[in-house]
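Quantities reported herein were computed from a predicted structural model and do not represent experimental measurements.
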Amino acid sequence: MYNCQKVYDLLKAKNLKKGDLLEYLGLNPASSITQYLNIDIKSSRLEAIADFFDLPTDYFFDRGKIYDNGQSVNVAGNSNSKIRISQILEREQSLRSLVEEKEKRIKLLEEMNEILKSTIDDLRAQRDNGK
């Protein structure tokens, strides 16, 4: 069954405004989001909402999984391993930051590699000119 509360939880967890989602959906950002989420939602609208959050549409359905007030999800099908959505989002942000830092380090190492190559080329040229 479709669970519109998940949309509200994601907006809160990602610190987004309801108007941001409405605008993305091509609706008036000043409108009441309730009418668009709670009343027999169309599959095309649900797909757009899923795209907005970069999640599969199945995420917004309760399919026999255990939820703790819409805040926890099963991990790998194990009902004993529940984590909060906010923990997932925090982990995602942490991983994104880690990737950014790694990319910076890679760029710095590539720049250092180019400097070393240039220095070696210069030293070889000096050596060859001295012969």
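Scanning both residues, L37 and C4, for their nearest heavy atoms gives O-CB, 3.6 Å. A pairwise comparison of heavy atoms in K14 and L89 identifies CE-CD2, 3.8 Å as the closest pair. Pairing each heavy atom of F61 with each of L46, the nearest pair is CE1-CD2, 3.3 Å. Minimum heavy-atom separation, P56 to A50: C-CB, 4.0 Å. Between L27 and R45, the shortest heavy-atom distance links the atoms CD2-NH2, 4.0 Å.
When the salt bridge (Lys or Arg N to Asp or Glu O under 4.0 Å) test is applied to E100, no partner is found at least two apart in sequence or on another chain. Every ring pair (Phe, Tyr, Trp, His ring centres under 6.0 Å) that Y24 has, sequence neighbours left out, goes to F52. N28 meets the side-chain contact (heavy atoms from CB on, under 4.5 Å) test with A30, S31; sequence neighbours excluded. Under the side-chain contact (heavy atoms from CB on, under 4.5 Å) criterion, T119 pairs with I115, L123, sequence neighbours left out. For R96, the salt bridge (Lys or Arg N to Asp or Glu O under 4.0 Å) partners are E92, not counting sequence neighbours.
Under a 3.5 Å cut-off, the side chain of D20 and the backbone N or O of K17 do form a donor-acceptor pair. Side-chain atoms of S97 come within 3.5 Å of backbone N or O of Q93 as a donor-acceptor pair. When atom types are taken as modelled, the side chain of N113 and the backbone of L109 share no donor-acceptor pair closer than 3.5 angstrom.
Side chains of L55 and I49 form no contact here, defined as non-hydrogen atoms less than 4.5 Å apart. You'll find the side chain of Y8 stays beyond 4.5 Å of the side chain of L21, heavy atoms only.
Note: I33 CD1 to L22 CG = 4.5 Å, rounded to the nearest 0.5 Å. Expressed to the nearest 0.5 Å, how far NZ of K117 lies from CE of M112 amounts to 13.5 Å.
Geometrically, K6 engages Y59 in a cation-pi contact, judged by NZ or CZ lying under 6.0 Å from the ring centre and within 45° of the ring axis.
Taking a 6.0 Å sphere around CG of D122, one finds it holds more than 12 heavy atoms contributed by other residues, nucleotides or ligands. Shown here is N15, whose CG atom has no more than 12 heavy atoms of other residues, nucleotides or ligands within 6.0 Å.
Pairs of residues two or more places apart, or lying in two chains, that qualify as salt bridge (charged side-chain N to carboxylate O under 4.0 Å, His left out) and include a residue from residues 102-112 are E101-R105.
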